[in-house]
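Have a look at the structure below, then the notes.
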Amino acid sequence: SFLSNLKVPFEKIYHTSHGISRPRRSAKSLVENLPVNVRLQLQAGDVGDFQLPAGNYKVYENNNNQLTYVGSGYSSIKSEEEKIKIETGSTRDILCSFTLNEYEVNKNDGKAEVTAKFKNQKDKAVEIEWIENFRDGRWKITHSTQDYEKLDAYYVKFIVKIPAKKEKELSFKAKFERG
């Protein structure tokens, strides 16, 4: 073991992603149930005070000197300032579904409306990072019930906070015009 610390601080991130593209030009309502994935994120410098090698990282949780396997993931070479992101799988106690309420695209323009429903079955509040992929840089959100951050021309990020044992519903409308 090359760990400098036995207790490495980490952040648990719940995340999901969705895209509004459709195989047909016009569609009625479509519901997709998607997994909520779990990522453990930690600062490389908290593992060791040197450049970390690339490889698989296995994560265990210590409960009363009993190690429980949490998951594993691959990471490239990381310097002390960089973050290691380990995808450990999906959770079964946070559920999400996306409904494409409206989707119309023709040769000049398009519009879409999406409703997202999240259900937190945990005994504690959670925060979910939802990335929406537009697959075309001309889409713009015209209305949203949730604040979001535009990451680039193709992606926006929503941070969804859900109290323990509660549900939350969000929606947005988007459109594009060909120039």
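All of these numbers come straight from a predicted model, not from anything done at the bench.
Shown here for Pro9 and Leu42, the closest heavy-atom pair between the two residues is O-CB, 3.6 Å. Of all heavy-atom pairs between Gln146 and Ser144, the closest is O-OG, 2.6 Å. The two atoms that bring Arg138 and Phe176 nearest to each other are O-CB, 3.2 Å, heavy atoms only. Annotation for Lys122 and Tyr14: closest pair CE-OH, 3.1 Å, computed over non-hydrogen atoms. Here the closest non-hydrogen pair linking Thr115 and Ser171 is OG1-CB, 3.9 Å. Between Ala112 and Ile20 the shortest heavy-atom distance is CB-CD1, 4.0 Å.
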Pair Thr142-Phe172, side-chain contact (heavy atoms from CB on, under 4.5 Å): steps then yes or no: CA-CA 8 Å; Thr142 58; Phe172 71 85; over 6 Å; no

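Within the 4.5 Å cutoff, side-chain heavy atoms of Tyr57 are placed close to those of Leu52. Between Ile159 and Glu127 there is a side-chain heavy-atom pair separated by less than 4.5 Å. Proximity of Phe118 to Ile128: side-chain heavy atoms (C-beta onward) are separated by under 4.5 Å at one or more points. Side-chain contact between Leu30 and Thr99: absent, with no pair of heavy atoms (C-beta onward) separated by less than 4.5 Å. Considering only heavy atoms from C-beta on, Asp152 comes within 4.5 Å of Tyr154 through its side chain. Within the 4.5 Å cutoff, the side chain of Val38 has heavy atoms near those of the Lys12 side chain. Considering only heavy atoms from C-beta on, Val114 stays 4.5 Å or farther from Asn101 through its side chain.
One finds no salt bridge joining Glu167 and Lys117 here, because no Lys/Arg side-chain nitrogen approaches an Asp/Glu carboxylate oxygen to under 4.0 Å. Look at Arg178 and Asp109 and you find no salt bridge, because none of the NZ, NE, NH1 or NH2 atoms lies under 4.0 Å from a carboxylate O.
Counting only residues at least two apart or in different chains, side chain to side chain donor-acceptor pair (under 3.5 Å) contacts with residues 61-74 comprise Tyr69-Ser72.
Here Gln121 contributes atom CD and Arg92 contributes atom CZ; the two are 11.5 Å apart, rounded to the nearest 0.5 Å. Separating the NZ atom in Lys157 from the NE2 atom in His15 is a distance of 12.0 Å, to the nearest 0.5 Å. Between the CG atom of Asp93 and the NZ atom of Lys119 there is a distance of 11.5 Å, given to the nearest 0.5 Å. The CD atom of Glu113 sits 14.5 Å away from the NZ atom of Lys175 when rounded to the nearest 0.5 Å. Between the CD atom of Glu102 and the NZ atom of Lys111 there is a distance of 4.5 Å, given to the nearest 0.5 Å.
Here the two rings, on Tyr148 and Phe158, have centers that are under 6.0 Å apart. Aromatic pair Trp139/Tyr155: centroids not less than 6.0 angstrom apart.
The hydrophobic clustering, which links ILVMFWY residues whose side-chain heavy atoms are closer than 4.5 Å, places Leu95 and Leu34 apart. Residue Ile13 is not grouped with residue Ile131 when hydrophobic side chains (ILVMFWY) are merged at heavy-atom distances under 4.5 angstrom, including chains of intermediate members.
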Taking only distance into account, with no hydrogens and no angle test, what donor-acceptor pairs under 3.5 Å do side-chain atoms of residues 77-86 form with protein atoms, sequence neighbours excluded?
residue	atom	partner	partner atom	Å
Ser79	OG	Glu81	OE1	3.0
Ser79	OG	Glu82	OE1	3.3
Glu82	OE1	Ser79	N	2.8
Lys83	NZ	Gln43	OE1	3.4

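Scored by the salt bridge (Lys or Arg N to Asp or Glu O under 4.0 Å) test, Glu87 finds Arg39 as partners (sequence neighbours excluded).
Remark: the backbone N or O of Pro163 is paired with a side-chain donor or acceptor of Asn120 at under 3.5 angstrom.
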